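Everything numeric in this text was worked out from a predicted model, so none of it was measured. Throughout, a chain's letter reflects where its sequence line sits, starting with A, and its residues are numbered from 1.
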Amino acid sequence: MISSELISWYQSGHRKLPWRETRDPYRIWISEVILQQTRIDQGLPYYNRFIALFPDVFMLARARNSKVLKAWQGLGYYSRALNLHKTSKTIVNKYKGVFPEDYHELLKLDGIGPYTAAAVASIAYNKPYAVLDGNVARVISRLFAIRVPVNSATGKKILQQKANELLDGKRPALHNQAMMELGALICKPQAPLCSQCPLQSGCKAFNTGIELQLPVKQRNHVSQTIRIHYLLITDGQKIILSRRNSGGIWKHLFDFPAIELTTDKKLTVQQLQRKLKNYGITTFERSGSAEGLKHILTHRMLLADYSVIKTGKKLSKLRTTSNEKIVSVEDLKKYPVPRLIEKIIELAEIDRITRKRKPKAQSIRQLPVL
DNA sequence: AAGGCGGGGTA
DNA sequence: TACCCAGCCTT
């Protein structure tokens, strides 16, 4: 009943999107992972580039890890790209390149949770599994005036149950996409377009005038500020990159050697000299800098400074750690970096600095200036 | 059950 | 500012 209204509405005017033009489970999967916690407007160009680079699961499985991350650069939540790559290899090696159809089999794959498993199973294989994402949670919580927090365990259980009941078992692919489209276009968080909603008459929230109070969400995360000073250490030809190999933020992406500071303190000469001495740098010139670059993430705010450090020595003569890489400045753009680093590279005009420095080694100023 | 993980758009 | 987005993973 609800589903037929919903599907009619969907068919009369949904957005045309590339992953809706295919039944290829590979492409459906890629689109679903890209769209995890990501708006369609933001994900769409990434999807097109990604499919052009890696048209099938074999191409993806064969690709270098850095190339996959490079394709993901700027999209955030980089573990998605790592899991995507890992799972492509699983598909090739364990499933001979054919995506499993079974929901529970899909769930075993890295980076595939309840939502994505249901999405792939239903959209690619038309299996009767109801998706529950942010859109669907909002639609259902309003439809039935459910006040249980949608991000609590019990809330999810209740919503999933309702989603299962609503599902059109004969047309799960259409039904699921219609639910999400309704949430995105009509049942919006801020200003829902109830007058245009095909489910208006049966919507408990609308009928009682509480649609703006739903859905209920718990938790307000505090964001902490972190100050970090990046060092762009260059001899005029090459520069030091640092590969982030911790389990934390920007895993497996590259940034620059850095000094972490407490929020209200700036870098001191002593800190800089000590850090540089670890590399074996005793004479240098600080040829460029900026401070107070704001980079806002969901759970923290980074306040970034940087200094361009021109060394007297060739970088190849320096002591670097195993996670650090000395790369030529022209190759810098080949490495996957977070947005903040991308911005710093642009701001610091690294290539201009190196061109200027080319002519003669004796022009090096050996004054430590701050 | 709670917290970590990006980046950009919107009000 | 705060919230939201075709969520998942670890602890």
ask   = Rounded to whole angstroms, how far apart are CD1 on A:Ile249 and C1' on B:dG7?
value = 10 Å
message = On DNA chain C, does the nearest nucleotide to A:Ala117 precede the nearest nucleotide to A:Gln42 from the 5' side, or the other way round? Give the residue.
response = A:Gln42
Ion pair check, A:Asp331 and A:Lys334, cut-off under 4.0 Å = yes
query = For the residue pair A:His175 and A:Ser3, what are the closest heavy atoms and their distance?
reply = ND1-OG, 2.8 Å
inquiry  = Are the side chains of A:Leu253 and A:Ile341 in contact, using a 4.5 Å heavy-atom criterion?
reply    = no
ask   = Any Lys/Arg nitrogen of A:Arg339 or A:Glu342 sitting under 4.0 Å from an Asp/Glu carboxylate oxygen of the other?
value = yes
query = CE of A:Met301 versus P of C:dA2: gap in Å, rounded?
reply = 12 Å
Protein-nucleotide distance (A:Arg80, atom CZ; C:dC9, atom P), rounded to Å = 12 Å
inquiry  = Counting the atoms with a prime plus P, OP1 and OP2 as sugar-phosphate, which does A:Trp29 contact under 4.0 Å by heavy atoms, base, sugar-phosphate, or nothing?
reply    = nothing
ask   = Taking the same atom, C1', in C:dT10 and in B:dG7, what whole-Å distance lies between them?
value = 22 Å
Please tabulate, one pair per line, all N/O donor-acceptor pairs under 3.5 Å involving side-chain atoms of residues 110-129 of chain A, not counting sequence neighbours.
unit_1: A:Tyr115; atom_1: OH; unit_2: A:Glu32; atom_2: OE1; d: 2.6
unit_1: A:Thr116; atom_1: OG1; unit_2: A:Gln36; atom_2: NE2; d: 3.0
unit_1: A:Ser122; atom_1: OG; unit_2: A:Ala118; atom_2: O; d: 2.8
unit_1: A:Ser122; atom_1: OG; unit_2: A:Ala119; atom_2: O; d: 3.3
unit_1: A:Ser122; atom_1: OG; unit_2: A:Asn176; atom_2: ND2; d: 2.9
unit_1: A:Tyr125; atom_1: OH; unit_2: A:Phe99; atom_2: O; d: 2.9
unit_1: A:Asn126; atom_1: OD1; unit_2: A:Ala173; atom_2: N; d: 3.3

key: Evaluation steps, side-chain hydrogen bond (donor to acceptor under 3.5 Å, both in side chains), between A:Gln160 and A:Lys157   = CA-CA 5 Å; A:Gln160 183 70 62; A:Lys157 194 182 288 181; over 6 Å; no
ask   = What about A:Thr298, does its side chain sit under 3.5 Å from the base of B:dG4 through a donor-acceptor pair?
value = no
inquiry  = Please report the distance, rounded to the nearest Å, between OH in A:Tyr46 and P in C:dA6.
reply    = 17 Å
query = Under a 4.0 Å heavy-atom cut-off, which of residues 124-155 of chain A touch DNA chain C?
reply = A:Asp133, A:Gly134, A:Asn135, A:Arg138
query = If the C1' atom of C:dA6 is compared with that of B:dA11, how far apart are they to the nearest Å?
reply = 23 Å
inquiry  = Check this one for me: any side-chain N or O of A:His299 less than 4.0 Å away from OP1 or OP2 of B:dC5?
reply    = yes
note = Separation of B:dC5 atom C1' from A:His295 atom NE2, nearest Å, is 12 Å
request  = Provide the distance between the two C1' atoms, one in B:dG6 and one in C:dC4, to the nearest whole Å.
outcome  = 13 Å
message = Categorize A:Ile34 for me: base, sugar-phosphate, or nothing, with a 4.0 angstrom heavy-atom threshold over every strand shown.
response = nothing
task = May I have all residue pairs that pass ring pair (Phe, Tyr, Trp, His ring centres under 6.0 Å) and include part of residues 319-340 of chain A, sequence neighbours excluded?
result = A:Phe254-A:Tyr335
query = Out of B:dA2, C:dG7, C:dC8, which nucleotide sits closest to the side chain of A:Pro114?
reply = C:dC8
message = Tell me the interatomic distance from A:Gln37, atom CD, to B:dG6, atom P, rounded to whole angstroms.
response = 12 Å
inquiry  = Roughly how many Å apart are B:dA1 and C:dC5, using the C1' atom of each and rounding to a whole number?
reply    = 23 Å
task = Look only at the side chain of A:Arg80 and the backbone of A:Val33, and say whether a donor-acceptor pair between them is shorter than 3.5 Å.
result = yes
message = Once you apply a heavy-atom cut-off of 4.0 Å, does A:Gly43 come out as touching a base, just sugar-phosphate, or nothing?
response = nothing
key: Distance-only donor-acceptor test, A:Tyr77 side-chain atoms vs B:dG6 base atoms, 3.5 Å   = yes
note = Per atom distances to the A:Pro338 side chain, the nearest of C:dA6, B:dG7, C:dG7 is B:dG7
query = Could you give the CG-to-C1' distance, from A:Asp110 to C:dC8, as a whole number of Å?
reply = 11 Å
inquiry  = Applying a 4.0 Å non-hydrogen cut-off, can you work out what A:Ser79 is touching in the nucleic acid: base, sugar-phosphate, or nothing?
reply    = nothing
message = Once you apply a heavy-atom cut-off of 4.0 Å, does A:Lys217 come out as touching a base, just sugar-phosphate, or nothing?
response = sugar-phosphate
remark   = side chain to side chain contact (heavy atoms under 4.5 Å, CB included) with A:Lys294: of A:Leu303, A:Leu340, A:Leu302, only one passes, and it is A:Leu303
message = For a quick check of understanding: with a heavy-atom distance under 4.0 Å over all strands, which category does A:Asn176 fall into, base, sugar-phosphate or nothing?
response = nothing
query = Is any side-chain N or O of A:Arg39 under 3.5 Å from a base N or O of C:dC4, one able to act as donor and the other as acceptor?
reply = yes
inquiry  = Rounded to whole Å, how long is the line connecting atom OH of A:Tyr78 with atom P of C:dG7?
reply    = 18 Å
ask   = Does the side chain of A:Trp250 get closer than 4.0 angstrom to OP1 or OP2 of B:dG4 through an N or O atom?
value = no
message = Which is more 5' along DNA chain C, the nucleotide nearest A:Gly113 or the one nearest A:Pro189? Just name the residue.
response = A:Pro189
note = Quick note, A:Leu17 side chain, CB onward, closest among C:dC9, B:dG4, C:dA6 is C:dA6
request  = Give one of base, sugar-phosphate or nothing for A:Gly248, where a contact means two heavy atoms less than 4.0 Å apart.
outcome  = sugar-phosphate
